[in-house]
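Beneath this line is the structure, given in structure tokens, with notes to follow.
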2 protein chains.
Amino acid sequence: MTVVPEQPDQSDPSLRLLWRHRTGSSEEPKTKRGPKQKVSVDEIVDAAIDLADAEGLAAVTMRAIAQRFGLGAMTLYSYVPNRDALLVLMADQVVGRTVLPELPEDPRERLELVARLQHDELRAHPWLLEVQDVRPWLGPNMSDRYEWQLQAVDGLGLSDLEMDQTVAVLMGFAGNIARSELLKRRAEKVTGMTEAEWWAANYDTLSEVMAGSHYPLANRVGTAAGETYQAATDPGRELDYGLARIIDGVLAHVTERAPD
Amino acid sequence: MTVVPEQPDQSDPSLRLLWRHRTGSSEEPKTKRGPKQKVSVDEIVDAAIDLADAEGLAAVTMRAIAQRFGLGAMTLYSYVPNRDALLVLMADQVVGRTVLPELPEDPRERLELVARLQHDELRAHPWLLEVQDVRPWLGPNMSDRYEWQLQAVDGLGLSDLEMDQTVAVLMGFAGNIARSELLKRRAEKVTGMTEAEWWAANYDTLSEVMAGSHYPLANRVGTAAGETYQAATDPGRELDYGLARIIDGVLAHVTERAPD
DNA sequence: AAAAATTTCGTACACCGTACGGAACAAATG
DNA sequence: CATTTGTTCCGTACGGTGTACGAAATTTTT
């Protein structure tokens, strides 16, 4: 008689946690034994999101979160397997807060909307950029978002693979813009000077040290870019140029292939 | 009589360190007092790069580096102000190792080369993705690189600002591809399974948990994408589609504006 | 020969995630 | 009812991090 070898459950434990609100079937309202839990997973995740929004991801420590509820740090581990899992829960939960608007008819507007929504979200919650999961978009809200993004590129004439890649390019671009904005803000906070002030303070050193090299293009272009970015009162303007080029390229690709 | 208020030297101390090999004028071969330094800054930075290449950026600890030279951890602080400064030195130094090839005539080839070079470099040194500096590209090798990149987009008919933005889009895209490759490799190392194995191990849980929701597009597209990526033996193939679209968009932009 | 400047580096601190084990608690079982 | 059993709560402790501080050693300047 052969015994089935014990499968040590390779499945990721945090999957069920991610989908805890949408267990399609076989929920488990089983009354559990020990003391009643004083808080809920959602409350913990929300508190962690608050912390991250207010003080950055580095401030999201197990001790800090626990303190918000008057709990001991180790208590959190009866709600969440570890910190990394908590970060993934935070990401999915915060993504779920954004309501997905209906997609416009015009293809260009559709793609723009997808990218701008992502960018706005990352601006509101910059710590999302630092949460990189093993195995992405597997939570319920991430899945909803991905499906919605695919709807935006559906019917354009792209292959399945191209649909995925197009979404990836747009998301990546939005993320890069958000990241550069984040770094700029962070630099100002760390150094305590605005970008212009920093350049002024380091001008002498820079010109002394770069005396041997010369950068004609970098000087000209860097100056132009610096002035523009400094004057950029309207955030999100950095998005415009690159986004337009990317969408141009995608739309040109599909119309060229099927010159209707 | 008015006294000039003491300016506590706002300038960034690591700037001189970055440019230590190219001090245009006024070098200081002054013989210094104390004990002779047992190693050089370059050796330290090279050792740190070795460590990062071999075991990732997290393995680059002050203690680990010092141990390579039989030094105490604190000794490093007489070479480098702190760990973050060391990371910037590493980045600039490793960027300096790549020789910049001559730029082709064809605009499309120029842009492709710029992006692919960046991608290859990030593939070889993935930890570069995790080094985010306050105030980017200020080292000598970063500056050379930026100047070279600008040459690639020069003469296309772009404005100064657009030149900067175009380079940024291409670099960002190359970085995103490299990042997704890195995450994939890291996930396989952490979970000890390939991507396909992971999906197999979690298939039951996933379909149970997603029973209530349905993702027609995500299922179809995700499957297609998954199969392709899994079969992708040739790394860098993920680069092709997005890069082509971006370059399409940029070139369309300039030819449209100046229909020669 | 004495003084001054510089490098080396042992120790210590604050902070992190979390392994471990015990105590308090509530339901299931006898 | 008493007892067992599974949970939750959480204090303590461990190994890890960057680095502040101060003493000791070493070399040049005076």
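All values below were derived from every heavy atom in this structure, side-chain atoms included, with hydrogens, water molecules and symmetry-related copies excluded. The chains referred to below are lettered A, B, ... by the order of the sequence lines, with proteins before strands, and numbering in each begins at 1.
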Completion exercise
For B:A64 and B:L51 the tightest heavy-atom approach is CB-CD1, 4.0 Å

Practice task
Determine the minimum heavy-atom distance between A:A85 and A:S14, stating which atoms define it.
Solution key: CB-CB, 4.3 Å

Practice task
Between B:Y77 and A:T75, name the one whose nearest nucleotide on DNA chain D is closer to the 5' end.
Solution key: A:T75

Practice task
Keeping the roles fixed (side chain from A:N141, backbone from A:D92), state whether a donor-acceptor pair exists under 3.5 Å.
Solution key: yes

Fill in the blank from the handout: Checking C:dA5, C:dG17, C:dC9 against the side chain of A:M62 (C-beta onward), the nearest is C:dG17

Practice task
On DNA chain C, check which nucleotide each of A:V60 and B:R63 is closest to and give me the residue with the more 5' one.
Solution key: B:R63

Problem - Under-4.0 Å salt bridge between B:E55 and B:K189 - result: no

Completion exercise
Heavy-atom nearest nucleotide on DNA chain C taken for A:T61 and for A:M74; more 5' hit belongs to A:T61

Practice task
Walk along DNA chain D from 5' to 3' and tell me the first and last nucleotide with an atom closer than 4.0 Å to a non-hydrogen atom of chain B.
Solution key: D:dT17 to D:dT29

Problem - A:S78 or B:A64, whichever maps to the more 5' nucleotide of DNA chain D - result: A:S78

Practice task
State whether B:K32 places a side-chain N or O below 4.0 Å from either non-bridging phosphate oxygen (OP1 or OP2) of C:dT7.
Solution key: yes

Exercise for the section: With heavy atoms under 4.0 Å as the rule, sort B:F69 into base, sugar-phosphate or nothing. Expected result: nothing

Exercise for the section: Could you check how far CD of A:Q37 sits from P of C:dA27, rounded to whole Å? Expected result: 13 Å

Practice task
Take atom CG of B:L71 and atom C1' of C:dG10, then tell me their distance rounded to the nearest Å.
Solution key: 14 Å

Handout entry: Derivation and outcome, salt bridge (charged side-chain N to carboxylate O under 4.0 Å, His left out), residues A:E238 and A:R123
Key = CA-CA 13 Å; A:E238 302 180 56; A:R123 246 191 100 73; over 6 Å; no

Practice task
May I have the distance from A:L86 (atom CG) to C:dC16 (atom P), rounded to whole angstrom?
Solution key: 14 Å

Problem - B:R33 vs C:dA4: side-chain N/O to OP1/OP2 distance below 4.0 Å - result: no

Practice task
Report the C-alpha distance between B:Q118 and B:Q149 in whole Å, list the side-chain angles of each, state the deciding distance to 0.1 Å, and finish with yes or no for side chain to side chain contact (heavy atoms under 4.5 Å, CB included).
Solution key: CA-CA 10 Å; B:Q118 193 79 3; B:Q149 290 166 339; 3.6 Å; yes

Problem - N-O pairing of A:R22 and A:D144 below 4.0 Å - result: yes

Exercise for the section: Assign B:G34 to base, sugar-phosphate, or nothing according to its heavy-atom contacts below 4.0 angstrom with the strands shown. Expected result: base

